[in-house]
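Here the structure is laid out as structure tokens; the discussion comes afterwards.
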Amino acid sequence: MMFIKQSGLSARQFDLSIGASNGYTLRMLKNKASIGSDVIETILRIYPDLNVVWLLTGKGEMFKSQDVSDILDFDDLPDHRKQEIERIIEVKIKERQRDDLKALLREVTQEMGKDPN
């Protein structure tokens with residue numbers, strides 16, 4: 001949650017940005033659950049300036065860049081930039097969903113091909 005707050009994102013915006021279901025982050029926090037390596041990989045791919053050591057251990061600097069002024073605060077951005085970011089996030093989510101659906105369809109088609117009935 002520290003990273004989400006520092007980035008100026010809501011939990012929902014963060015969930016959308018990493019392709020997680022709505023409420024994922026808050027559920028993980030509430031249940032004190034661990035996130036999977038696939039989610040960690042996605043977070044690091046989407047937020048490359050995030051320090052992997054900090055993400056995994058909570059130790060060290062949150063960002064690779066030591067200059068806090070380099071970190072954008074979403075709430076301080078002009079409305080047109082916020083809308084652009086949200087649009088990009090939505091597009092990326094749709095792309096991931098489409099890719100996931102294609103993979104699932106391939107998997108189901110393969111399973112159907114194995115069934116002798």
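Residues take their numbers from the sequence shown, with the count starting at 1.
The ring of Phe3 has its center closer than 6.0 angstrom to the ring center of Phe63.
For the residue pair Leu50 and Leu44, the shortest heavy atom distance occurs at O-CD2, 3.9 Å. Here the closest non-hydrogen pair linking Glu61 and Trp54 is O-CB, 3.2 Å. Asp15 and Tyr24 make their closest contact through OD2-N, 3.1 Å (heavy atoms, listed as atom of the first residue, atom of the second, distance).
Linking Ile, Leu, Val, Met, Phe, Trp and Tyr whenever their side-chain heavy atoms come within less than 4.5 Å puts Leu56 and Ile43 in one cluster. With hydrophobic clusters built from ILVMFWY side chains whose heavy atoms lie under 4.5 angstrom apart, Leu101 does not share a cluster with Ile93. Residues Ile88 and Leu9 do not share a hydrophobic cluster, defined by chaining ILVMFWY side chains whose heavy atoms lie under 4.5 Å apart.
Rounding to the nearest 0.5 angstrom, the gap separating the CD atom in Gln110 from the CZ atom in Arg106 is 8.0 Å. Glu84 contributes atom CD, which lies 11.0 Å from atom CD1 of Ile89 (distance to the nearest 0.5 angstrom). Between atom OG1 of residue Thr42 and atom CD1 of residue Ile35 there is a gap of 9.5 Å, rounded to the nearest 0.5 Å. To the nearest 0.5 Å, atoms CZ (Phe14) and CG (Leu26) are separated by 11.0 Å. For the atom pair Leu105 CG and Met112 CE, the distance stands at 9.5 Å (nearest 0.5 Å). Between Arg12 atom CZ and Leu16 atom CG the span is 4.5 Å, to the nearest 0.5 Å.
A side-chain donor-acceptor contact under 3.5 Å links Thr57 to the backbone of Lys59. Checked by atom type and distance alone, the side chain of Arg45 never pairs as donor or acceptor with a backbone atom of Ile18 at under 3.5 Å. Looking only at distances, no side-chain donor or acceptor of Lys92 sits under 3.5 Å from a matching main-chain atom of Ser17.
Arg27 and Ser21 share a donor-acceptor pair across their side chains, judged by distance under 3.5 Å alone.
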